[in-house]
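Presented below is the structure to which this report refers.
Both counts, for ligands and for their atoms, begin at 1 and track the order of listing. Since the structure is predicted, the reported quantities are computational estimates derived from the model, not experimental observations.
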Amino acid sequence: MALVSAKEMLQKAKAGHYAVGQFNINNLEWTKTILLTAEECKSPVILGVSEGAGKYMAGYKTVVGMVNGMLEELNITVPVALHLDHGSYEGAKKCIEAGFSSIMFDGSHLPFEENVEKTKELVAICNEKGMSLEAEVGSIGGEEDGVVGMGECADPQECKAIADLGVTMLAAGIGNIHGKYPANWAGLQFDVLDDIQKLTGEMPLVLHGGTGIPEDMIKKAISLGVSKINVNTECQIAFAEATRKYIEAGKDLEGKGFDPRKLLAPGAEAIKATVKEKMGIFGSIGKAE
Ligand code: 13P
């Protein structure tokens, strides 16, 4: 199946009270593992690419070529969207050109009027091309690939103004943070989320910073209109831990254990376990059957 926009899968998720996972990719192992896991779980999936990861993977066109090749060669039948994560205006334009099927334009650090103006322009382009567009209001705390946020909660009225532009989905800061949550984290601000969903109606809402959010908070967020949840750091930690274990056990020194196909296999298995667990919590397993 060819890449699809995230629109239909997220509207279905919102109506069905579950969420689709966005799992960020960093290389071939990540991409292949996430696609095969989604297929095994019969779950729709969104592959997230930050601008930093896009550069690392030798550019957006390389990423599009790799993902399209895998969809065909691995016979992936579940809906897959290839999505720019926290894109700049320039990055968004490049990904539209390169063949992504979905874009996030993160104008949250711009003056609100400018966020509106640029989001509106990108909505028109994405509509014309049948692509989905995610916008952001408020900010996600912490840092991801150089994108730093102070974690201000979104203003529900501003969320409504952005939703009214016709974006496909909206990321609203509700106290969520990229990376690990500090021990003194105040938790998700459900009152803000509730106000936002009341004003934005059918709009699928996006929860960034999926790593480390307790299951009960995830479920409550879904019940309040979240239909896309982003996970990045957790797969990275799982990969690193499994790889360290392999090396520390001296497995790379046994036979041909240094072969990258062997060396990177435990990390890929760990990503698979993480993605499966998340899809189970999000409720997306079996939704692509
Ligand atoms: P985590 O790295 O905290 O899982 O956040 C991922 C994310 O929100 C990507 O935009």
Check whether the ring centres of W30 and F239 lie less than 6.0 Å apart, and answer yes or no.
yes
Could you tell me which atoms of ligand 1, counted from 1 in the order shown, lie closer than 4.0 angstrom to a heavy atom of G210?
4 (O), 5 (O)
Tell me whether E144 has any N or O atom under 3.5 angstrom from an N or O of ligand 1.
yes
Could you note down all residue pairs passing salt bridge (Lys or Arg N to Asp or Glu O under 4.0 Å) where residues 269-289 supplies at least one of them, sequence neighbours left out?
E40-K272, E40-K276, E234-K278
Check whether any side-chain N or O of E39 sits under 3.5 Å from a backbone N or O of T77 as a donor-acceptor pair, and report yes or no.
yes
With only distance considered, is V231 within less than 3.5 Å of ligand 1 through an N or O on each side?
no
Would Q22 count as a polar contact of ligand 1, with the cut-off being nitrogen or oxygen pairs under 3.5 Å?
no
Candidate pair K198 and D194, rule salt bridge (charged side-chain N to carboxylate O under 4.0 Å, His left out), full reasoning
CA-CA 6 Å; K198 280 184 182 136; D194 196 29; 2.9 Å; yes
Which residue pairs pass the salt bridge (Lys or Arg N to Asp or Glu O under 4.0 Å) test with at least one member in residues 86-97, sequence neighbours excluded?
K93-E121
Proximity of D85 to ligand 1 by residue part, where a heavy atom lies under 4.0 Å
side chain
Of all protein heavy atoms, the one nearest atom 2 (O) of ligand 1 is T233 OG1, 2.5 Å
Please state which protein non-hydrogen atom is closest to atom 8 (O) of ligand 1 and give its distance, to 0.1 Å?
G209 N, 2.8 Å
So, the side chain of T168 versus the backbone of E134: is there a donor-acceptor pair under 3.5 Å, distance only?
no
Is E234 close enough to touch ligand 1? Criterion: a residue heavy atom under 4.0 Å from a ligand atom.
no
